[in-house]
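What you are looking at is a predicted structure, and each value in this text was computed from that prediction instead of being measured. Every chain is numbered from 1 and lettered A, B, ... according to where its sequence line falls, protein lines coming before strand lines.
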Amino acid sequence: MFYQIIKEIYRALLVAIIIFIIMEIIEPGLVISFISLNLLLIFWFISGIILLLVTYK
Amino acid sequence: MNFLKSLRIVLYSLLIITILFLLNQVVVPFGKISYKYNFCKKDNLITKLLPQDRVKPIKNCKQKIIGDPVYFNLKTFRKFKKIKLGIKYFSKNTPLIQIGSLIDGNLWQYDLRPVKCQLIDNLVRSNNWNLIKDGRTILLQREKKYKTINNFLNHLPNKNKIALLNYNLKKDFILPYYKSSRVKKVLNCKLQGRHQIFTYVANENLNWTFEFKKIDYNKKGNLIINLYYKDELIKSDKINNYANKFILFVKKPKSGFYKIDIKCNDNVIIKKITTQQHLFNFIGGIRFWKNNKLPINIYTNSQVVYGQTTNPNSLQRIKIESIGKKNDIIDFNINKTYKLFSQPTTATTTKLLIKKDDIIIKGDGIFAFSIKQLSNPLFQKISRFTKINNLDYILANYKIPEKLGNEEYAKVEFDLSKAYRENGKYGFMISIPGLRVNDKIDDWIKIDEINVELDK
């Protein structure tokens, strides 16, 4: 169950990051003026590591 | 499985809401959008107040301004037509506060609106003068003579008894004793940068010849000469070839005052001006370039004169002589480069004796090379030096700030279709005339909040 939850979060964050990066390329400053992409990347990275650890176990 | 489905719905709903919020910033489907900057944390849309040496560090989510002017930018993701800018502030010993919107990015020209005018605030709050209100327009009369603002505008009293604030009062100024002349006047003074000239024309051609040169031909910048009649642009010419003389000619235009605006940066020198008009004066100041015939005598009706130079060899004491008052001479000392010095004048007309050129002389009135040319079509504008004793009427487009406890809140509106926008940013300025860093006067303004309402 925990694995599934992390997987969902990881996927949602990945989709969000891709969309936000595309939006940022189209309209520079639009996303970073309101959302910290760095923080989003860190959360995505952490969720990815947790996902790897859970899969490994 | 149900839980996972719900989690997925929540996560993707959050993402969709965020995307819709971001798209709203670009599309603005409802036509309006607003932002608020309260100095508590960094804002990516409203930049911090700059330059740093004119503001104190942010304390308790408020920022003190100690020098004039300060600037900030507003980032938007599309163009807007209108902006309502509100500021919540607390001020000490600041008679006039204005906010400006950048309208010319090359010449750093701002369209100013008053936020606070202590002179008007005191008159309104004390009920000493009669007040007539019509929307944002207010008319203050020492004694009640006019019942409506329209009545006042249709039967204007003596021009010298009226002061304006943020009001464009258009009136025909006809000089009945003016006689045109066929003799051409030559102004051999070399002037630097942008200058605005008022000239009077009656039953004659408007005929001006300008000779220009560039200091550095590699530097970019436009040279545009605009001709205005009653604030309406009637002729505009862009000059590309600096080697040729430029002739500004209009055949027998309507009688009245015309404004010639020589729009250029400081890289352009006006070498010589030849004109058929024998009544002309410079609006707001003159910047003298090097190698002029010295000394230079100029006359002004400014209530305060400013002086500045970037050349150490041009540091000097300018003699300001009051016309009509014997032995009333002030020594205006300009003893530091780059610093803007100011000196209030003591008479309605003063003569300035300038011993060294490469200097900027500015003021809130007009400047002329002969006292006979000091014919001013402009109404007096309210400044921090305005003396109430000489006035009977104040006409203003101004709203008295709201009192919010110790603080005050004022809102000003700008037309953004005329504003300068670069890299998605609009430029603004907070101007507090007379506010200087390190002048040992306890004057400042503390900004609590900046509110922005944008209209598509």
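Atom OH of B/Tyr217 has more than 12 heavy atoms from other residues, nucleotides or ligands within 6.0 Å. Taking a 6.0 Å sphere around CH2 of B/Trp444, one finds it holds more than 12 heavy atoms contributed by other residues, nucleotides or ligands. Other residues, nucleotides and ligands contribute only 12 or fewer heavy atoms inside 6.0 Å of the NZ atom of B/Lys79. B/Lys75 NZ: more than 12 foreign heavy atoms inside a 6.0 Å radius. More than 12 heavy atoms of other shown residues, nucleotides or ligands fall within 6.0 angstrom of atom NZ in B/Lys214. No more than 12 heavy-atom neighbours from other residues, nucleotides or ligands sit within 6.0 angstrom of CZ on A/Phe43.
The nearest pair of heavy atoms linking B/Leu22 to A/Phe34 is CD2-CD1, 3.7 Å. Between A/Ile19 and B/Ile19 the shortest heavy-atom distance is CG2-CD1, 3.6 Å. Nearest heavy atoms, B/Phe77 versus A/Ser33: CZ-OG, 3.7 Å.
For chain A, the option among B/Leu23, B/Leu15, B/Asp43 with the highest count of heavy-atom pairs below 4.5 Å is B/Leu15.
For B/Tyr12, the part lying under 4.5 angstrom from a heavy atom of chain A is the side chain only.
Remark: A/Ile35 CD1 to B/Asn44 CG distance equals 11.5 Å, nearest 0.5 Å. With rounding to the nearest 0.5 Å, the separation of CG in B/Leu11 from OH in A/Tyr10 is 14.5 Å. How far CG of B/Leu4 is from NZ of A/Lys7: 10.0 Å, rounded to the nearest 0.5 Å.
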